[in-house]
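Report on the following structure.
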Protein chains: 2
Amino acid sequence: MKYSKATNYALHTMLFLAMETPNKPVGVHQLAERQNVSPTYLSKILTKLVKEGMINSISGANGGYTLSKNWEDISFLDIIHAIEGKSSLFDCCLYSNPECVIKDVMLSAEEKLENELRNKKISDLVKK
Amino acid sequence: MKYSKATNYALHTMLFLAMETPNKPVGVHQLAERQNVSPTYLSKILTKLVKEGMINSISGANGGYTLSKNWEDISFLDIIHAIEGKSSLFDCCLYSNPECVIKDVMLSAEEKLENELRNKKISDLVKK
DNA sequence: CTAATAAGAGACTTTATATATCTATAATAG
DNA sequence: CTATTATAGATATATAAAGTCTCTTATTAG
Ligand code: SF4
Ligand code: SF4
């Protein structure tokens, strides 16, 4: 079990954008170069962030990506969910079993992880 | 990112063994049947638990698996680590960067998850 | 001792997912 | 119109998970 590289790229891109001049679009080429990843692949990842409303994309010359208006509220968990999906880490075969003991432990542990990631925002990393 | 099925099988097997008469070996065939998994595959998973000293295996007629002496101390985290390995969930490209901000957040969140899993033991599920 | 039983080991196959790449299309600034 | 830049979809490659098969080793009931 590991976070995907795509999640890593998404987090770094958000951090880069947060450190840039606001409202000035940054092209995927530049973002990809800083992370040693192909622009087309990064583009595909960033499109997920666009669809979740975390960043805006601007086509055409001088286009690129900018952070969305509400970017200061975006948490690590939001970004991870956008890339990895929102389903639980633990797949139980019988969700209907109300007596289940294993599931409770696994889900409560996952909740601790998510709480921490929900409380950390990209904007926390920028404000010094 | 998801826990593997192998982890699921390992957790369930530990729970089954904990509910059985102590010291009476349970064969892999029986354990596999209860989980709808092939015996040879489950065997491969259980061998990992044997190597970590969590369970004992007994060959030959009337053989099978028993919990190890210290089984009451075995945590969820121990079992998960035995199957999934102990490496971090977050792979950072530059571990050497002391200024890293993303890594700190990811590792501290993982720590919260692990703390919870470390505090929950299989024996907690059996004692009523 | 022998035959049946049961775990372990290694090679292999299959399936699924992650990680890309390639090409074509759409939007926009100048 | 043309150069630039994002988006979409098909395809390809790599890696890992999940499962099978066969042979070996250990134990014990009889
Ligand atoms: S014990 Fe819980 S985790 Fe296991 S099969 Fe039942 S419901 Fe699922
Ligand atoms: S910022 Fe942190 S996570 Fe990102 S490359 Fe640097 S050390 Fe790694």
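So that the names make sense, note that chain A is the first sequence line, chain B the second, and so on, each numbered from 1. Values in this document were obtained by computation on a predicted structure and should not be read as measured data.
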Interatomic distance where CD1 belongs to Ile45(A) and C1' belongs to dT7(D) [whole Å]: 14 Å
Between dT17(C) (C1') and Tyr3(A) (OH): distance, integer Å: 18 Å
Atom-to-atom span, CE of Met1(A) to C1' of dA18(C) - whole angstrom: 16 Å
Leu17(A) CG to dA6(D) P, straight-line distance once rounded to whole Å: 11 Å
Side-chain N or O of Tyr9(A) closer than 4.0 Å to phosphate OP1/OP2 of dA20(C): yes
Nucleotide dG19(D), atom P - distance to CG of Asn8(B) in whole Å: 11 Å
Heavy atoms of other groups near Lys121(A) NZ, more than 12 under 6.0 Å: yes
Per-nucleotide protein contact string for nucleotides 3-9 of chain C (B base, S sugar-phosphate only, - none; heavy atom under 4.0 Å): --BBSSS
Rounded distance (Å) that lies between atom C1' of dT19(C) and atom CG of Asn36(A): 15 Å
Distance, rounded to the nearest Å, where Tyr41(A) contributes OH and dA8(D) contributes C1': 16 Å
Side chain Glu110(B), main chain Leu89(B), donor-acceptor under 3.5 Å: yes
Charged N-O contact under 4.0 Å between Asp91(B) and Lys2(A): yes
For Ala82(A), all residues meeting side chain to side chain contact (heavy atoms under 4.5 Å, CB included), sequence neighbours excluded: Leu49(A), Glu52(A), Met54(A)
Stepwise side chain to side chain donor-acceptor pair (under 3.5 Å) test for Glu20(B) and Thr66(B): CA-CA 9 Å; Glu20(B) 283 294 321; Thr66(B) 59; over 6 Å; no
Enclosure of Asn70(A) CG (heavy-atom neighbours >12, cutoff 6.0 Å): yes
Nearest-angstrom distance from the residue atom CG of Leu42(A) to P of dA18(C): 17 Å
